[in-house]
Asker: 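Handing you a structure now.
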Amino acid sequence: MREYEMEPLQKDIVIPGIVKKKTDLVLEQIRAESRGKDRHLSGRTIRTEGRKFWTAVAVAAAAMGAVTACTAACLHWSRGLEEELHVTQGQKKYLEDKKIAAPAQTGSGMTSAGVTVTPVQSIVDSHFAFLSFQVEGYDLQEGKEPLFEDIEITVNGRDDISWSASFFDGTTTDDRERRISRDGTPIEELPDGSSWEQYMAEDNTMELDILMMCHEAGVFINAPVHVKFSNLGTVHKAEFFPDLEGVWELDVNLAGSDQVRHVKAGKEIGDSKVIVSVAEISPISLQVTYEIEAQPEKIEGVGEDSLPVSTGKYKEPPILTGVRLKDGTLLIGICNGGMATWDDMEKGIYRENFATSKVIDIEQVDGLLYLKSDLEGETVIDEEHLYIVPVE
């Protein structure tokens, strides 16, 4: 049996939503996806295929129900970010008024090998930044998935920012987190096990969406971003097929807002011996700090060579899945890309940051939702499957 040393610190994690492939590790990421599309959470694996995040108590249909309908002209939202956050017109105006959502502040796009890449929109808070690009002029064959061979990103000159990127596939999810097309048609798997996807829009453009994340607060707000895309092709079953050789370099100035609501809890999550101490809630993200003893845990598994493998990690909090609003609405399954780290292992201070897949009315949140166990299959999640930690 092979053994691996336990990681003393658990740092950045990526739980892709619209962002499925981090391109600088693209082949390894694709291999992981082909093995079941697991989402890795700092040693914890959250398998989302087939899981239904919804509730019979209150379906999360309107995270910002108190926001009035959009009465002024909204910016032109990217298709992918609109579907990722499931935004209403009122929520769009709210995010725009708060400077969280803004058009990409840059010049024109760049053309190489007959393909033009143009920044479209950003959505930014203290820890996360969504950035979308339009890709025009590429002749994508039907049934193929597009991919840039390499992506390089710097934020205010820094190249140590965690990020993920993927092309928008034309699908979204319904209130039960089932994949559907934008017109509401259910997505049925094809005989070979693949799913219907439509990367090319009606105007013959594609959209690339990037999610950047950082534990340090304020890194993305009003920050200059430099992005370099290299070579464009397609990907299938862990193999990249080059098509066009080209380089597209673009500079984008982000906007953003550091608006958050600070809440306190001081309560245990069920009987887990994990205490929720404080949380910061923004309209598009959650940051939670815990008191938790750094207890080592051994994990047994099987390696790629089919030999038994023993590795280790530290105990983590139950899985954060959403928030409760003051009217009783449960927003379940909204935690998207994220990061986790030990702020102080000796003192047992652990922190998680998650982007959310729904816009949150931060003043209406009165509780955090945690799964009682890592549920698999077609389980319908309702209140009996949750720990609810009140916050104030």
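Just so we're clear, the structure is a prediction, and the values are computed from it rather than from any experiment. For the numbers below, each heavy atom of this structure counts, side chains included, while hydrogens, waters and symmetry mates do not.
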Asker: What pairs meet the side-chain hydrogen bond (donor to acceptor under 3.5 Å, both in side chains) rule with one or both residues in residues 223-234, with sequence neighbours excluded?
Answerer: Glu149-Asn231, His226-Glu249, His226-Asp251
Asker: Verify side-chain contact (heavy atoms from CB on, under 4.5 Å) between Ile153 and Ile161, making sure each step is shown before the conclusion.
Answerer: CA-CA 8 Å; Ile153 300 175; Ile161 300 299; 5.7 Å; no
Asker: Which atom pair, heavy atoms only, marks the closest approach of Gly80 to Asp209?
Answerer: CA-OD2, 3.6 Å
Asker: Would you name the heavy atoms of Ser122 and Leu131 that are closest together and state the gap between them?
Answerer: CB-CD1, 4.0 Å
Asker: Using modelled atom types and a 3.5 Å cut-off, is there a donor and acceptor pairing between side-chain atoms of Trp248 and backbone atoms of Val115?
Answerer: yes
Asker: Spell out, as yes or no, whether a donor-acceptor pair under 3.5 Å connects the side chain of Ser112 to the backbone of Val247.
Answerer: yes
Asker: Checking Ser357 against Glu84 for the side-chain contact (heavy atoms from CB on, under 4.5 Å) test, could you report, in this order, the C-alpha distance in whole Å, the side-chain angles of both residues, the deciding distance, and whether it holds?
Answerer: CA-CA 6 Å; Ser357 60; Glu84 171 64 11; 4.2 Å; yes
Asker: Quick one: do Trp342 and Ile275 end up in the same hydrophobic cluster if we chain Ile, Leu, Val, Met, Phe, Trp and Tyr together by side-chain heavy atoms under 4.5 Å apart?
Answerer: no
Asker: So, for Pro283 and Gln259, which heavy atoms are closest and what is the spacing to 0.1 Å?
Answerer: CD-O, 4.0 Å
Asker: Between Thr289 and Ile349, is a side-chain contact (heavy atoms from CB on, under 4.5 Å) present by the stated rule, with each step listed?
Answerer: CA-CA 7 Å; Thr289 302; Ile349 302 175; 3.7 Å; yes
Asker: Pairs in or reaching into residues 265-287: which pass salt bridge (charged side-chain N to carboxylate O under 4.0 Å, His left out), with residues at least two apart or in two chains?
Answerer: none
Asker: Answer with yes or no whether the hydrophobic clustering places Val274 together with Val278; edges join I, L, V, M, F, W, Y residues whose side-chain heavy atoms lie under 4.5 Å apart.
Answerer: no
Asker: Kindly work out whether a path of hydrophobic side-chain contacts (I/L/V/M/F/W/Y, heavy atoms less than 4.5 Å apart) joins Val260 to Ile281.
Answerer: no
Asker: Verify the cluster assignment for Leu232 and Met200: are they in a single hydrophobic cluster under the rule of side-chain heavy atoms below 4.5 Å apart?
Answerer: yes
Asker: Going through the distances and angles, do Val155 and Val225 end up as a side-chain contact (heavy atoms from CB on, under 4.5 Å)?
Answerer: CA-CA 5 Å; Val155 178; Val225 177; 4.1 Å; yes
Asker: For the residue pair Cys335 and Gly322, what are the closest heavy atoms and their distance?
Answerer: SG-N, 4.2 Å
Asker: A quick test of your reading: do over 12 heavy atoms of other residues, nucleotides or ligands sit less than 6.0 Å from CD of Glu245?
Answerer: no
Asker: Give a yes or no answer on whether the side chain of Lys358 reaches the backbone of Ile332 with a donor-acceptor pair at less than 3.5 Å.
Answerer: no
Asker: Between His236 (side chain) and Lys144 (backbone), is there a donor-acceptor pair under 3.5 Å?
Answerer: no
Asker: Give a yes or no on whether the backbone of Asp159 and the side-chain of Thr154 come within a donor-acceptor separation of less than 3.5 Å.
Answerer: no
Asker: Report the relative orientation of the aromatic rings in Tyr290 and Tyr350; use parallel for angles under 30°, tilted for 30 to 60°, perpendicular for over 60°.
Answerer: tilted
Asker: Checking the side chain of Gln121 only, and the main-chain atoms of Ser78 only, is there a donor and an acceptor separated by less than 3.5 Å?
Answerer: yes
Asker: Taking side chain to side chain donor-acceptor pair (under 3.5 Å) as the test, write out the residues that go with Arg261, two or more places apart.
Answerer: none
Asker: Which residues pass the salt bridge (charged side-chain N to carboxylate O under 4.0 Å, His left out) test with Asp258, not counting sequence neighbours?
Answerer: none
Asker: Does any N or O in the side chain of Thr341 come within less than 3.5 Å of the main-chain N or O of Asp343, such that one atom is a donor and the other an acceptor?
Answerer: no
Asker: Verify the neighbour count for atom NZ of Lys264: are there more than 12 heavy atoms of other residues, nucleotides or ligands below 6.0 Å?
Answerer: no
Asker: Test: salt bridge (charged side-chain N to carboxylate O under 4.0 Å, His left out). Region: residues 125-141. Which pairs qualify, not counting sequence neighbours?
Answerer: none
Asker: What pairs meet the salt bridge (charged side-chain N to carboxylate O under 4.0 Å, His left out) rule with one or both residues in residues 214-227, with sequence neighbours excluded?
Answerer: Arg158-Glu216
Asker: Among Tyr199, Phe148, Phe229, which residue satisfies the ring pair (Phe, Tyr, Trp, His ring centres under 6.0 Å) criterion with Phe167?
Answerer: Phe148
